[in-house]
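Order of the sequence lines sets the chain letters (A, B, ...), proteins ahead of strands, with each chain counted from 1. What you see is a predicted model; the values in this text were computed from it and never measured. FYI, side chains are in, hydrogens and waters are out, and symmetry mates aren't considered; it's all heavy atoms of this structure.
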Protein chains: 2
Amino acid sequence: MPDKFHPQTRSAPGGAHDATRRALLDAGADVFAEVGFHHATVRDICRRAGANVAAVNYHFGDKETLYAEVLAEQSRLAMALHPLPAAGPDTTPAQRLEDFIRAFLQRVLSAELSARHGRMMAREMVEPTRALDRLVAESIRPQSAALSVILRDLVGPGPSEETLRLLGMSVVGQILFYCHCQPVLIRLFPGMPFNAERLDTLTLHITAFSLAAVRGLSQPPVAPARVPRRPKTPSPPAGRRRRS
Amino acid sequence: MPDKFHPQTRSAPGGAHDATRRALLDAGADVFAEVGFHHATVRDICRRAGANVAAVNYHFGDKETLYAEVLAEQSRLAMALHPLPAAGPDTTPAQRLEDFIRAFLQRVLSAELSARHGRMMAREMVEPTRALDRLVAESIRPQSAALSVILRDLVGPGPSEETLRLLGMSVVGQILFYCHCQPVLIRLFPGMPFNAERLDTLTLHITAFSLAAVRGLSQPPVAPARVPRRPKTPSPPAGRRRRS
DNA sequence: AGCAGTTTGAAACAGGTGTTTGATTCTGTC
DNA sequence: GACAGAATCAAACACCTGTTTCAAACTGCT
């Protein structure tokens, strides 16, 4: 009466049949990354996989399960291909921050993976599926924790956890910008790629920017030219309404 | 033989009929922001607008034109409600940067507008429609230029245009993070809102972070502890492949 | 009131979607 | 070689989508 059994349920890995299963995962990765979950049609995926329309439902139960499987696999793949380099005891926090930023950028922009992981994540931000909860638990939260450790080493014991979170988001925000805003970047600076080609430039810039920021914030009163308080209009819509 | 005339083509603004046209724009804004262009159904929009299914096609020609109109209007609205405060000659660059960041955050997170503009922009990043070109030309490019002017005043004439662009993207990346990554933030830090409520916190943090960064980068050789070069493994896939 | 033009409404259309079906082929095992 | 189970296939199903149709209601004139 409930769902039927689908092959993926049987965890038996030695199955001889799963050539089409693999083909579906690969085709699915391409299609989902290109057009997103809802634009993707199982007919298209099956065509590219050289399989029948019924293949998705036979091997995965439904389209959404295939999607979740693809997303998880792409995430594992990106993480395996571009892991955070192990830090020795002599590795400075600054170097570890650069490593973190470079690995993160590689994972989301990587040309080898056609930036599939980054694109799928960006889509997941805009219309989250059930797969996101798993991804946050298994991948994002550990990364967030790793970044917090690095930042803590940089800023010392002073700043609160809350401050540390904000610092982390400033770093990650810079990274993800190049992943999430490609359509605008292409239109705003045409002919100037902000993708895997420029990975090193971006890594070094974001690292330098963030390090300067963190160091500047850690030793607060450097204040070369304290801004002279101006009238300060905190009410936003007060601006310029007076043309009648 | 070609398209029929649709009311919006006639620019006559005084028309008495456009109550349903307005209702469609309003309902469309809600629905498009909530579920995105492709998930949105004209039936749903029309139901909320208290109009017939045919209303969208009658008043706008098709769904995509309605969408473009809604997007443009929301953009204008966000810009009008949270304009960049005019800067007097005595306004410091630092203050102008804060103004820019606050206005930007307000536009994308604003509760008054239910963050509609920000959400629609985020979706546009993931699956751009034709409406994006217009938006870049009319709204994003001017904003980008305004930010560049502020940053130029902060860093002086030294840094290249290219560097200025990177600085700008670091600032905007931090801002948009809170707009684009809400689904992750909610899961990662539940019960801790990173939305309009915390607008002031976010503004001050991003401003302080960016100012510290820009100042640190402008006077390069502060270098309190130059990182000692470590072996530096640049080849990413060298990791751990050896299990046979 | 009468009438042309505009605007609505219910219903239908045409096309695409994920999924299911049931027969057919393949595969490994006795 | 026979046979059970797994895997594939073409076809159909059920549903939802944007859009069209065309008659009915409404509107502002004269």
[X] [atom1] - [N] [atom2] separation (whole Å):
| X | N | atom1 | atom2 | result |
| --- | --- | --- | --- | --- |
| A:Asp62 | C:dT20 | CG | P | 8 Å |
| A:Phe60 | D:dT8 | CZ | P | 11 Å |
| B:His59 | C:dT6 | NE2 | C1' | 10 Å |
| B:Ile45 | D:dT19 | CD1 | C1' | 14 Å |
| A:Leu24 | C:dT19 | CG | P | 13 Å |
| B:Arg47 | D:dC16 | CZ | P | 12 Å |
| B:His39 | D:dT17 | NE2 | P | 10 Å |
| A:Asn57 | D:dA12 | CG | P | 18 Å |

> Does a side-chain N-to-carboxylate-O contact under 4.0 Å join A:Arg102 and A:Glu98?
Replying inline: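 Yes, this pair counts.
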
> So, the side chain of B:His205 versus the backbone of A:Leu166: is there a donor-acceptor pair under 3.5 Å, distance only?
Replying inline: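 Yes, the answer is positive, given that a donor and an acceptor are paired below the 3.5 Å cut-off.
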
> Is a donor on one side and an acceptor on the other found under 3.5 Å between the side chain of B:Glu197 and the backbone of B:Pro193?
Replying inline: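 It does not hold such a pair.
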
>> If you assign B:Phe37 and A:Ala55 each to the DNA chain D nucleotide with the nearest heavy atom, which residue ends up on the more 5' nucleotide?
In response: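 Comparing both residues, the 5'-ward one is A:Ala55.
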
> Any side-chain heavy atom of A:Asp44 sitting closer than 4.5 Å to one from A:Val35?
Replying inline: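 Not touching, per the 4.5 Å side-chain cut-off.
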
For nucleotides 11-16 of chain C, tabulate all protein N/O to nucleotide N/O atom pairs closer than 3.5 Å, reporting atom names and distance.
residue : atom : partner : partner atom : Å
C:dA12  : N6   : B:Arg43 : NH2          : 3.4

>> Does C:dT8 have OP1 or OP2 under 4.0 Å away from a side-chain N or O of B:Thr20?
In response: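 Yes, such a contact exists.
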
>> So if I take every side-chain heavy atom of A:Tyr58 and compare against C:dT19, D:dT19, D:dA7, which nucleotide ends up nearest?
In response: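 Selected nucleotide: D:dA7.
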
>> A:Arg107 and side chain to side chain donor-acceptor pair (under 3.5 Å): which single residue from A:His82, A:Gln143, A:His117 fits?
In response: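 So, applying the side chain to side chain donor-acceptor pair (under 3.5 Å) to A:Arg107 and each of A:His82, A:Gln143, A:His117, only A:Gln143 qualifies.
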
>> For B:Arg134, I'd like to know if atom CZ has over 12 heavy atoms of other residues, nucleotides or ligands within 6.0 Å.
In response: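 12 or below, so no.
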
>> Taking the cut-offs as 6.0 angstrom to the six-membered ring centre and 45 degrees off its axis, would you call B:Arg123 and B:Phe32 a cation-pi pair?
In response: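 Pair B:Arg123/B:Phe32 does not count as cation-pi.
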
